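Since the structure comes first, as structure tokens, the remarks are kept for the end.
What you are looking at is a predicted structure, and each value in this text was computed from that prediction instead of being measured. Note that these values count all heavy atoms, side chains included, but never hydrogens, waters or copies made by symmetry.
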Amino acid sequence: MNLKDISSLHWQTALGGDGIVENIDDIHQAIAIILRTPQGADPLRPEFGSKLHDYIDSPIHRARPHVVRESVEAIARWEPRVTVERVSFELGEPGQALVKVFWRLPDGFTDQTAVSL
């Protein structure tokens with residue numbers, strides 16, 4: 001991949017694979033990185049990430065409002081391209097939790113990003 005092959009203003013290296021992600025895929029990956037990164041884990045940006053991991057072992061009825069709040073706040077701070085419309089938090093497979101972020105771009109385009117924790 002050469003720099004001249006990148007056709008988008010918004011892009012980043014693809015996690016877990018070769019190449020890059022661009023445009024909407026870049027937003028999906030950015031949201032996943034924000035939510036999966038515990039605040040304080042990045043020594044160069046100690047405020048980056050979210051506090052979702054503080055609530056992951058709590059009972060679902062206690063964790064849900066905190067996970068929703070932390071998701072909205074972290075995405076609002078670290079992903080300015082989107083506006084969060086809604087966040088859902090549910091249990092998935094045993095030992096997994098799923099956060100779904102419903103978001104909107106300034107032009108009105110809407111989508112959702114699902115992040116397993």
Side-chain angles (χ1 to χ4, degrees):
M1 168 91 27
N2 294 319
L3 193 57
K4 65 181 170 99
D5 296 329
I6 299 171
S7 62
S8 173
L9 174 65
H10 300 292
W11 65 275
Q12 62 182 307
T13 305
L15 295 179
D18 295 328
I20 63 168
V21 291
E22 297 180 89
N23 300 317
I24 299 302
D25 292 334
D26 175 47
I27 293 173
H28 289 298
Q29 181 170 292
I31 290 172
I33 290 169
I34 292 165
L35 296 183
R36 287 184 180 141
T37 304
Q39 220 172 38
D42 184 341
L44 298 177
R45 295 183 297 173
E47 296 297 314
F48 179 78
S50 70
K51 296 179 184 177
L52 295 185
H53 292 83
D54 292 349
Y55 306 102
I56 205 66
D57 289 329
S58 300
I60 188 85
H61 68 281
R62 289 189 184 156
R64 183 175 282 120
H66 298 291
V67 168
V68 169
R69 181 193 69 242
E70 292 294 338
S71 298
V72 171
E73 288 177 1
I75 294 168
R77 181 171 185 187
W78 298 107
E79 185 46 82
R81 295 176 289 179
V82 304
T83 300
V84 176
E85 304 239 311
R86 181 169 58 96
V87 174
S88 70
F89 178 61
E90 49 202 56
L91 296 178
E93 296 294 319
Q96 280 193 340
L98 183 66
V99 176
K100 288 184 184 176
V101 180
F102 299 83
W103 50 268
R104 178 177 39 81
L105 292 177
D107 67 1
F109 176 82
T110 60
D111 205 349
Q112 67 177 343
T113 302
V115 180
S116 295
L117 301 176

*Checking side chain to side chain contact (heavy atoms under 4.5 Å, CB included) for the pair Trp103/Ile75: CA distance, chi angles, key distance, verdict?*
CA-CA 10 Å; Trp103 50 268; Ile75 294 168; over 6 Å; no
*Do the side chains of Ile31 and Ile24 join up, straight or via other hydrophobic residues, at under 4.5 Å, putting them in one cluster?*
yes
_Is there a path of hydrophobic side-chain contacts, each under 4.5 Å between heavy atoms of I/L/V/M/F/W/Y residues, joining Leu91 to Val101?_
yes
*asked:* When you compare the side chain of Val115 with that of Ile34, does any pair of heavy atoms fall below 4.5 Å?
replied: no
_Are the side chains of Leu117 and Tyr55 in contact, using a 4.5 Å heavy-atom criterion?_
no
*Would you check if the side chain of Arg104 reaches a backbone N or O of Thr83 as a donor-acceptor pair within less than 3.5 Å?*
no
Side chain to side chain donor-acceptor pair (under 3.5 Å) with [X]: which residues, sequence neighbours excluded?
X	answer
Gln112	none
His66	Arg69
Trp78	none

*Which pairs, with at least one residue in residues 28-38 and sequence neighbours excluded, count as a salt bridge (Lys or Arg N to Asp or Glu O under 4.0 Å)?*
none
_Worked verdict on Val82 versus Asp111 for side chain to side chain contact (heavy atoms under 4.5 Å, CB included)_ = CA-CA 10 Å; Val82 304; Asp111 205 349; over 6 Å; no
*Applying salt bridge (Lys or Arg N to Asp or Glu O under 4.0 Å), name anything that partners Glu79, two or more places apart in sequence or on another chain.*
Arg81
*What pairs with Asp42 under salt bridge (Lys or Arg N to Asp or Glu O under 4.0 Å), at least two apart in sequence or on another chain?*
Arg45
Give me the atom names and distance for the closest heavy-atom approach of [X] to [Y].
X	Y	result
Val84	Val87	CG1-CG2, 3.7 Å
Ala63	Ser58	CB-CB, 4.0 Å
Leu35	Ser50	O-OG, 3.0 Å
Leu52	Val67	CD2-O, 3.5 Å

*asked:* Go through it in stages, so that I can follow the logic: the residues are Lys100 and Glu90, the test is side chain to side chain contact (heavy atoms under 4.5 Å, CB included), and I'd like the CA-CA distance, side-chain angles, deciding distance and then a yes or no.
replied: CA-CA 9 Å; Lys100 288 184 184 176; Glu90 49 202 56; 4.1 Å; yes
*Measure the spacing between NE2 of His53 and OG1 of Thr37 and express it to the nearest 0.5 Å.*
8.0 Å
*Atom CZ in Phe102, atom CD in Glu85: separation rounded to 0.5 Å?*
10.5 Å
